[in-house]
Amino acid sequence: MRKGRFPRSFYLRHSPIVAKELLGGHLHRVVNGVELIGTIVETEAYATGDEACHAYRGKTKRNEIMFEEGGFSYVYFTYGMYYCFNVTTNQVGVAEAVLIRAVEPIAGIEAMRAARSGTGAKVPGDRDLTSGPGKLCLAFSITREQNATDLVESDELFITQGAPPAANHIGISTRIGINVAQEYPWRFFIKGNEYVSRAKPSIAGKSTLRRRRS
DNA sequence: CCGGTGATGCCCT
DNA sequence: GGGCATCACCGGT
């Protein structure tokens with residue numbers, strides 16, 4: 001095990017537990033010799049028996065890493081434009097993951113800003129750098145190429161133990177953008193942190209999507 | 001502050 | 001072809 005990292009055993013548990021305990025951890029990404037670091041401030045768990053989980057209907061080419069042992073990255077492309085970065089959890093054959101929804105930048109901020117502003121959008125303010133799952137993937141240069149990375153062994157994408165927040169500083173809510181019959185209180189965040197995404201949890205049964213033009 | 005909406009491409013049925 | 005674990009921008013309050 002590498003210094004400061006969560007060991008494999010940390011990831012081999014039920015995803016809501018891992019999601020909560022990842023708060024305060026440090027996400028590291030080394031790109032072009034520059035190390036980017038952010039404190040994890042918002043997560044969501046997806047688990048077996050959970051209709052919103054990508055693995056709910058079984059293994060596919062996209063989600064196959066979720067079926068391996070925990071501690072690997074699961075990166076997927078969504079809305080035609082964005083990537084989302086997840087950490088897989090639990091044992092082989094138990095397909096679960098934790099979506100990293102937001103981090104607070106603590107190192108490599110200029111590189112993050114450059115990565116975010118190169119997308120055609122206006123240069124984002126500091127709070128907009130990493131306050132959402134799509135945003136942090138842009139800032140940290142996480143794409144499909146980082147899918148299935150072993151977070152316990154990689155030197156380019158990994159997570160170290162930071163300072164876990166006190167229990168009374170942890171907020172819990174339903175997940176964001178989820179529209180299935182049964183929704184769970186599996187979103188965890190650090191209360192009052194400026195980088196927590198401001199989006200409101202969805203209301204089950206109500207679609208947030210609009211009809212696309214034909 | 002808040003709600004509404006267009007952009008855009010891939011996955012899976 | 002339907003739906004999407006999102007974001008940025010816009011206009012009203």
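Lettering of chains follows the sequences in order, A, B, ..., and the numbering in each one begins at 1.
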Of all residues at least two apart in sequence or in a different chain, which pass the side chain to side chain contact (heavy atoms under 4.5 Å, CB included) check with A:P133?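 With sequence neighbours excluded, A:P133 shows a side chain to side chain contact (heavy atoms under 4.5 Å, CB included) to A:C84, A:L99, A:R101, given in chain and number order.
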In terms of side-chain heavy atoms of A:M81, which of B:dG3, B:dA7, C:dA5 is nearest?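 The listed nucleotide nearest to A:M81's side chain is B:dA7.
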Choose from C:dC7, C:dA5, B:dC1 the nucleotide whose nearest atom is closest to any side-chain atom of A:R198.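 The closest nucleotide is B:dC1.
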Separation of [X] atom [atom1] from [N] atom [atom2], in whole Å?
X      : N     : atom1 : atom2 : result
A:R127 : C:dC7 : CZ    : C1'   : 12 Å
A:I178 : C:dT6 : CD1   : P     : 7 Å
A:L129 : C:dC7 : CG    : C1'   : 14 Å
A:Y82  : C:dC4 : OH    : P     : 18 Å
A:Y56  : C:dC4 : OH    : C1'   : 18 Å
A:Y83  : B:dT8 : OH    : C1'   : 12 Å
A:I176 : C:dA5 : CD1   : P     : 13 Å
A:Y79  : C:dC7 : OH    : P     : 10 Å

Of the residues in residues 87-107 of chain A, which ones touch DNA chain C at a heavy-atom distance under 4.0 Å?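 By residue number: A:L99, A:R101.
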side-chain contact (heavy atoms from CB on, under 4.5 Å) partner of A:E96, chosen from A:M66, A:H14, A:Q91: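 Of the listed options, the one satisfying the test is A:H14.
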A:V152: which of A:F6, A:Y11, A:F158, A:F72 passes side-chain contact (heavy atoms from CB on, under 4.5 Å):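 Checked A:F6, A:Y11, A:F158, A:F72 against A:V152; only one passes side-chain contact (heavy atoms from CB on, under 4.5 Å): A:Y11.
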Flag, side chain of A:T88 to backbone of A:G71, donor-acceptor distance under 3.5 Å: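 Such a contact is found between A:T88 side chain and A:G71 backbone.
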What pairs meet the salt bridge (Lys or Arg N to Asp or Glu O under 4.0 Å) rule with one or both residues in [range], with sequence neighbours excluded?
range                       : answer
residues 19-33 of chain A   : A:R13-A:E21
residues 59-87 of chain A   : A:R8-A:E69
residues 131-144 of chain A : A:D128-A:K135
residues 154-173 of chain A : A:R2-A:D155, A:R5-A:D155

Are A:Y76 and the base of C:dA5 stacked, counting only ring centres nearer than 5.5 Å and planes tilted under 30°?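 Here A:Y76 fails the 5.5 Å or the 30° condition.
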Set out, line by line, the N/O atom pairs under 3.5 Å between protein and nucleotides 11-13 of chain C.
none

Measure the CZ-CD1 distance between A:R198 and A:I176 for me, rounded to the nearest 0.5 Å.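 The CD1 atom of A:I176 is 11.5 Å from CZ of A:R198, to the nearest 0.5 Å.
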Dump every N/O contact between nucleotides 11-13 of chain B and the protein below 3.5 Å, one line per pair.
| unit_1 | atom_1 | unit_2 | atom_2 | d |
| --- | --- | --- | --- | --- |
| B:dC12 | OP1 | A:T60 | OG1 | 2.4 |

Would you mind reporting whether A:V31 and A:Q146 have side-chain heavy atoms less than 4.5 Å apart?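 They are not in contact (no side-chain heavy atoms under 4.5 Å apart), so the answer is no.
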So, do A:T39 and A:Y195 sit near enough that their side-chain heavy atoms are less than 4.5 Å apart?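 Contact flag for A:T39/A:Y195 side chains = no.
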Would you mind classifying the nucleic acid contact of A:G80 as base, sugar-phosphate or nothing, using non-hydrogen atoms under 4.0 angstrom?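 Answer is base: heavy atoms of A:G80 come under 4.0 Å of a base.
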Does any pair with a residue in residues 158-168 of chain A pass side-chain hydrogen bond (donor to acceptor under 3.5 Å, both in side chains), and if so which ones, sequence neighbours excluded?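 Counting only pairs at least two positions apart or across chains, the side-chain hydrogen bond (donor to acceptor under 3.5 Å, both in side chains) contacts touching residues 158-168 of chain A are A:H28-A:T160.
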Is there any ring pair (Phe, Tyr, Trp, His ring centres under 6.0 Å) pair reaching into residues 37-64 of chain A, and which pairs are they, with sequence neighbours excluded?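 Residue pairs passing ring pair (Phe, Tyr, Trp, His ring centres under 6.0 Å), neighbours aside: A:H54-A:Y74, A:H54-A:Y76.
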Please enumerate all residues that pass side-chain hydrogen bond (donor to acceptor under 3.5 Å, both in side chains) together with A:N86, with sequence neighbours excluded.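 Residues passing side-chain hydrogen bond (donor to acceptor under 3.5 Å, both in side chains) with A:N86: none at all.
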Consecutive-pair stems (3 or more, Watson-Crick or G-U, under 3.5 Å) for DNA chain B: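 Stem segments, range with range: B:1-7 with C:6-12, B:9-12 with C:1-4.
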